[in-house]
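By convention in this document, chain letters (A, B, ...) are assigned in the order of the sequence lines, proteins followed by strands, and residues within each chain are numbered from 1.
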Amino acid sequence: MSAPPPITAEQVAQHGLTKAEYQRICDLLGRKPNLAELGIFSAMWSEHCSYKSSKPHLKTLPTEGPRVLQGPGENAGVVDIGDGLAAVFKIESHNHPSFIEPYQGAATGVGGILRDIFTMGARPIALLNSLRFGNPDSPKMRYLFNGVVKGIAGYGNCIGVPTVGGDIYFDDCYDGNILVNVFCLGLARADKIFLGNASGVGNAIVYVGSKTGRDGIHGAVMSSAEFDDSTEEKRPTVQVGDPFMEKLLLEACLEIMQKDWVVGVQDMGAAGLTSSAFEMAERADSGVSLDLDAVPVRETGMNAYEIMLSESQERMVFVIESGHEEEALAIFRKWDLDAAVIGRVTDDRHMRIRSHGEEVVALPIEVVVHGATETHRPTRKPKYLETAQHLNLHEIEVLGRGDDALKKLLASPTIASKECVFDQYDHMVGLNTLVLPGSDAAVLRIPDSEKALAISVDCNSRYCYLDPFQGAQIAVAESCRNLVCSGAEPVGVTNCLNFGNPENPEIMWQFEQAVRGLGDFCRFFNIPVVSGNVSLYNETKGEAIFPTPTVAVVGLLEDRSRHMTQWFKQPGHRIGVLGL
Amino acid sequence: MKCGVVTFPGSNCDRDCFHILKNVYGADTHWIWHKDTSLDGFDLVVLPGGFSYGDYLRAGSIARFSPIMKAVVDHANRGGLLWGICNGFQILVEAGLLPGALLDNHTQKYMCRYVHLKVENAGTAFTRACEPGEVLNIPIAHAQGSYYADAGTLQQLEDTGRIVFRYCDVQGNVSEEANPNGSLANVAGLINEAGNVLGMMPHPERCADPVWPQTDGQKLFDSLFHKTRVQA
Amino acid sequence: MLAKIHVTLKQGVLDPQGKAVHHALNDLGYAEVRDVHLGRYMEIELDAVEQAEAEARVRDMCEKLLANTVIESYRFTLEPAN
Amino acid sequence: MLAKIHVTLKQGVLDPQGKAVHHALNDLGYAEVRDVHLGRYMEIELDAVEQAEAEARVRDMCEKLLANTVIESYRFTLEPAN
Ligand SMILES: Nc1ncnc2c1ncn2[C@@H]1O[C@H](COP(=O)(O)OP(=O)(O)O)[C@@H](O)[C@H]1O
């Protein structure tokens with residue numbers, strides 16, 4: 001094979017790396033990276049994977065507590081709920097893909113969060129979603145709305161996990177950037193939680209799931225001599241979800257996790273095989289060797305770059321004790337899934353990747369996973385607050401009281417009944433849904449137990465715009481009130497922080513304030529934050545969305561028969577108000 | 001009565017059906033894998049709801065060729081009880097074990113909600129615990145539940161009393177408003193000539209556990225297990 | 001060889017999807033649309049065999065799986081692969 | 001006039017339905033099936049206008065509604081009505 005052409009400054013830029021970052025890579029490696037290695041750094045040092053802008057702030061969140069079995073750092077958070085059981089949950093965003101292709105963007109969002117849950121060994125028992133749309137008067141927005149709802153329904157219903165709640169807000173600030181945050185809750189045995197560890201030298205790295213295609217690899221970075229022009233059309237910008245494949249994957253994974261020779265599991269999400277392999281090695285302080293020729297592919301002529309960075313959906317990586325490879329493959333084959341041993345765990349703290357008989361990537365694990373410098377982005381209190389927070393109550397037009405005003409409120413899209421939406425979600429499958437959509441919180445019974453779990457997702461972003469600190473506190477307070485009204489005690493928080501461009505100090509100030517507000521509230525009430533997600537750059541042409549720190553709180557009911565619903569039950573009952 | 005619930009790739013409600021049969025009715029219940037080839041000794045076989053093969057191409061169109069289906073057909077021909085619920089019903093019509101076809105809901109949307117069903121035939125093995133004309137409150141959850149059969153077939157079904165459930169309102173009126181998906185003649189469930197194969201779109205297993213406030217689904221299970229009508 | 005298969009609803013079977021597309025097009029300003037029928041299109045690549053045998057096989061596939069002959073009709077063409 | 005429109009997934013986009021049908025056909029004994037792609041077929045009856053204008057209108061309909069151009073491509077023919 002001829003020597004590859006040298007990396008150009010243009011390619012570095014197209015990969016989203018600054019000159020300083022590229023220089024840092026060369027310094028840390030002691031040499032220049034090749035194109036595949038550049039692609040790996042581009043993915044792993046991206047905001048999405050490295051959390052470089054948000055880490056300094058997320059570190060301040062309270063993540064520990066007597067019930068916490070697993071805090072942030074793994075695929076999902078785990079909370080002990082007694083009786084030997086654990087609740088596994090997380091919320092994740094899929095905002096940008098959903099704006100481009102609402103059905104598939106939302107569908108693959110559901111697929112991604114489901115995998116984050118069952119990769120920990122938990123059977124998913126409930127899905128919720130938090131959606132933000134722009135002005136529904138525009139046909140484009142109605143198209144996005146219908147597509148997202150159908151996509152969530154299409155994927156969630158097919159895989160048989162009930163979608164039991166959520167929230168939907170409409171506001172002009174989301175005209176250019178809709179938000180699709182998906183939450184999933186699963187149940188597992190507290191002593192059978194699986195982590196994403198590649199430990200045990202010699203253990204097998206097993207790939208299972210859909211064949212790898214060119215999904216998610218963008219044309220912009222393909223400007224090198226290694227690729228020919230005809231591959232451009234073949235590179236889809238949006239992934240298509242296959243919920244049937246995911247259902248097979250889910251059942252096969254839960255079956256194989258009964259065995260005691262499964263050492264580690266991780267799903268292939270953003271940055272595909274690259275992020276899973278590197279993260280698993282980093283957590284176990286080990287190394288990994290991969291042979292890409294063994295990876296099941298669905299397109300011909302895929303090179304190392306494409307295979308490592310493909311974002312094809314419905315794929316997982318298992319670490320199997322050496323000697324049990326055939327048994328593992330047999331279980332996957334029973335479910336008619338593609339599976340193959342694609343590598344081994346090593347002890348040299350490197351990722352060594354072979355393709356067509358040659359070593360094409362050799363990178364130190366730690367440099368890739370932790371090498372991106374935390375960017376301490378400057379913050380500045382926004383100018384708009386100078387006017388926004390000054391309110392003269394006397395200047396507000398008082399509408400007439402009575403029926404008309406009430407009807408107007410009830411008809412506003414954000415407040416109006418969402419029955420036409422949750423009617424499209426199967427909210428009953430699994431026979432665990434105690435409280436159907438429409439009440440304050442979703443309540444699910446825990447099979448073979450007297451207990452129940454409740455979930456509420458909330459965020460009034462308008463409050464967050466006016467005061468991110470208070471707004472974030474109001475969001476988590478609202479979730480907690482919803483849980484308490486249903487009879488549950490809050491036991492864990494997950495959150496998805498949706499914000500604009502972090503390079504804008506005013507947005508970064510909103511972020512910092514919201515995280516602080518959330519953290520203070522959770523510390524005061526002793527509710528740990530066990531997982532979450534961050535979605536930045538939600539802005540178009542300089543117009544950012546309102547800061548939207550979406551919060552989902554999970555609560556526990558010791559006695560499910562004492563759950564409560566919000567509806568008036570009988571004529572003659574008295575109505576009371578608690579609080580000022 | 002030996003009961004079996006078939007798990008096709010993509011079945012979701014198999015666990016729900018299994019739970020009702022085994023835990024609520026205490027029946028001798030077994031899992032049946034789609035690749036199994038024998039159903040010897042089974043009295044009741046259930047084809048559960050879900051999305052077998054993702055509902056790809058047409059709901060039930062691929063599952064009907066599963067290896068187990070040969071044994072399912074034999075079981076039905078032998079007079080064994082065969083119960084297709086939702087996706088199970090779709091598989092039965094694709095396999096020709098029941099006449100007609102199930103098309104997309106006329107709203108072009110999935111719908112999950114409680115509906116009312118009128119028991120048109122209370123003489124079947126699945127409905128003998130019901131009163132003729134009784135109204136049951138049972139949920140549906142499907143995107144392709146609109147029943148179709150050509151005029152001749154439909155007439156024959158009517159004449160021979162093989163339409164077992166029709167969508168109706170809370171008073172039992174079989175009306176267009178009460179028809180959630182556009183099914184011809186508001187057909188929600190029907191039986192074969194011999195009376196041992198029932199296909200229905202609604203999910204009785206979702207309202208048969210006494211833990212829930214809604215338990216109308218129990219009427220069907222009670223019928224199968226030879227129980228008289230449950231008192232309050 | 002390449003089989004190109006069209007599957008459409010039989011006459012008399014309601015096509016609500018077609019109707020929905022029809023109305024959507026009218027609403028978008030395409031008043032000239034008089035009727036819309038939706039169907040399925042499939043392309044199947046097959047190992048090459050004699051034309052007659054291939055036709056028989058493809059017909060079989062349609063009857064068995066690709067079309068639900070209770071509600072759908074089908075037609076197909078066979079051509080050499082590209 | 002009759003517009004005959006074919007909408008198919010773009011190259012490289014995952015086709016879960018095609019994959020499922022492919023495996024089903026292989027399992028049914030049709031080992032000669034190498035690949036399967038599913039798409040949509042539409043027949044649209046239109047009031048007659050000039051060919052060029054009709055083509056422009058139909059292309060517009062495809063771009064706007066009938067095809068999801070993020071993941072699908074389309075082609076069509078126009079002929080006089082039967
Ligand atoms: N806002 C947040 N609050 C708490 N934990 C967070 C937050 N955002 C991300 N995390 C944690 O950081 C880790 C990395 O997040 P992410 O890249 O979304 O995970 P994954 O790759 O498993 O999808 C996860 O363990 C996640 O729980």
Shorter than 4.5 Å, heavy atoms on both sides: which option in [options] has the most such pairs with chain D?
options: C/K64, C/H22, C/R40, C/R57; answer: C/R57
options: C/V7, C/D60, C/L28; answer: C/D60
options: C/V21, C/L38, C/L65, C/L46; answer: C/L46

* To do: Check whether any side-chain heavy atom of C/E43 sits under 4.5 Å from a side-chain heavy atom of D/T8, and report yes or no.
  => no
* To do: With the side chain counted from C-beta on, respond yes when D/Q17 and C/M42 share a heavy-atom pair under 4.5 Å apart, and no when they do not.
  => no
* To do: Sort C/L66 into side chain, backbone, both or neither according to what part of it lies under 4.5 angstrom from a heavy atom of chain D.
  => side chain
* **Heavy-atom proximity to chain C below 4.5 Å, by part of D/H37** => both
* Atom group of D/I44 that falls short of 4.5 Å from chain C, counting heavy atoms -> both
* Check C/D47 against D/A31 and note the closest heavy-atom contact, atom names and distance. => OD2-O, 4.5 Å
